[in-house]
Amino acid sequence: MGNGKVYATIVLIRLIYAGMHILTKAAFEEGMSTTVFVFYRHAVAAIFLVPFAFFLEIRKRPTPPLTVRLSFKIFVHAFYGMAGTINLYSIGLNYASATSSSAIFNIVPVVAFILAVMFRMETLKLKTVHGMAKASGILLCVGGVVALALYQGPQLKSFNHHPLLHSTSKAVHAHPEKNWALGIFLMTASVVIWSLWTVKQGPLLLEYPSKLLNTTLQCTFASVQSFVIAIVMERDLARWKLAGGMSLVAVLFTGIVVAAISYYLQIWVIEKKGPVFLSMSMPLSLVFTMVIASFLLGEDVSLGSIIGGALLVAGLYAVLWGKGREDRAVASPLDGTLPQLEEHKSRAAETKESETSDATAKV
């Protein structure tokens, strides 16, 4: 029964992220400004979280001291990890498709692992089986991103010729291939920056351990930062109006359901099954996004998106498999290196021969 709840929660989380890709893309197709959308998203998230932070943290227990130095550090994390990365992601999504956006999200754990290696929080031993698996996963992810950016191939037509929302696959651009590649590049850059943000949250939580207050402060700072970015980038006040009903739904959904509710659900799943289990479910978002986008948006799926997505998923599982094997090797006498495995076999053979000789001598 407990596992059933966890699996149901995983499916819900991945449906939420599929909805994020699709609704955000639909809002942009409706004419919503990307920078204004990011501001509204963070503002809604902050407004939603402030009452919970006040009643569940500030009133019930002593809050951690918030110094000027720590406030500035949280402000910086909010700038590059929320305001900056979501703006890059939104611009990239405006040029590409919801399916490609969901596919690129599969590299988050891989990029986080690479950054953890750079910060010496993880190891990468290329002479070991698990090290080669993780290195292969990284290369597969790089190949997947390149395939998404540079190869579109034939289009697999949507089975729905009367989409409920706006059609994204037939958006007209001056240079579609160039815009598509730019969109993939910007979304990849946003995922890399966001992965850096996730890696740096661990040390930040050691300084300011309240997860709810930390998230609320970052969302509040990000809404102010996003407002400044939107003011600079979008001078036309008419563009600040919600373009339609889909824009309002997208803002509320991404601000409340994605930024607040899904965060809590992911923490709950990690507590029950661990972070690897959560990461292994990420390809579900790609499948859900591909199916739902085809039905709601009439979005055609290119062969390049399928190939790139498959490479990204394979790379993700290779890194996760290598990480799992490494953890098991650390707990065992052998570390999984090929030379030691051969040495272990040789020793076992010698022991067996010795036992046979002793038995023969006794006879």
Is [X] reaching over with its side chain to a backbone N or O of [Y], donor-acceptor style, under 3.5 angstrom?
X      : Y      : result
Lys211 : Leu205 : no
Lys25  : Leu93  : yes
Asn87  : Ala83  : yes
Thr85  : Gly81  : no
Ser190 : Met187 : yes

Please round to the nearest 0.5 Å and tell me the distance separating atom [atom1] of [X] and atom [atom2] of [Y].
X      : Y      : atom1 : atom2 : value
Leu15  : Leu284 : CG    : CG    : 8.5 Å
Ser102 : Phe288 : OG    : CZ    : 10.0 Å
Met282 : Ile10  : CE    : CD1   : 10.5 Å
Thr198 : Ile193 : OG1   : CD1   : 12.0 Å
Tyr208 : Leu217 : OH    : CG    : 5.5 Å
Leu286 : Ile306 : CG    : CD1   : 9.5 Å

Is the number of heavy atoms from other residues, nucleotides or ligands within 6.0 Å of CZ (Phe48) greater than 12?
->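 Yes, CZ of Phe48 has more than 12 neighbouring heavy atoms, counting only those of other groups under 6.0 Å.
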
Has Tyr80 got more than 12 heavy atoms of other residues, nucleotides or ligands less than 6.0 Å from its OH?
->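 Yes.
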
So which of Ile104, Asn106, Leu312 actually passes side-chain contact (heavy atoms from CB on, under 4.5 Å) with Cys141?
->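 Output: one option passes, namely Leu312.
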
Quick one, [X] and [Y] - any side-chain contact, counting heavy atoms below 4.5 Å?
X      : Y      : answer
Leu23  : Thr254 : no
Phe113 : Ser195 : no
Ile307 : Leu311 : yes
Leu148 : Thr188 : no

Check the orientation of [X] and [Y]. Use parallel for under 30°, tilted for 30 to 60°, and perpendicular for over 60°.
X      : Y      : answer
Phe105 : Tyr17  : tilted
Phe227 : Trp240 : perpendicular
Phe75  : Phe72  : parallel

Hydrophobic cluster membership, [X] vs [Y], 4.5 Å side-chain cutoff:
X      : Y      : value
Leu12  : Val269 : yes
Val192 : Met82  : yes
Val257 : Val11  : yes
Val36  : Ile231 : yes
Val287 : Val108 : no

Does any pair with a residue in residues 308-318 pass side chain to side chain donor-acceptor pair (under 3.5 Å), and if so which ones, sequence neighbours excluded?
->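 Every pair satisfying side chain to side chain donor-acceptor pair (under 3.5 Å) with a residue in residues 308-318: there are none.
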
Would you please name every residue forming a side-chain contact (heavy atoms from CB on, under 4.5 Å) with Trp321, sequence neighbours left out?
->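 Listed in chain order: Val129, Ala133, Arg325.
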
May I ask you to check whether Phe185 and Tyr95 place their ring centres under 6.0 Å from each other?
->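 Ring centroids of Tyr95 and Phe185 are no less than 6.0 Å from each other.
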
Hey, do the aromatic rings of Phe39 and His42 have their centres closer than 6.0 Å?
->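 Distance test on ring centres: not under 6.0 Å, no.
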
Do any pairs count as a salt bridge (charged side-chain N to carboxylate O under 4.0 Å, His left out) and have a residue in residues 238-254, sequence neighbours left out, and if so which ones?
->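 Listed once each, the pairs are Glu234-Arg239.
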
Are His21 and Ser101 close enough that a side-chain donor and a side-chain acceptor fall under 3.5 Å?
->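 Looking only at side-chain atoms, Ser101 and His21 do form a donor-acceptor pair, the distance falling under 3.5 Å.
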
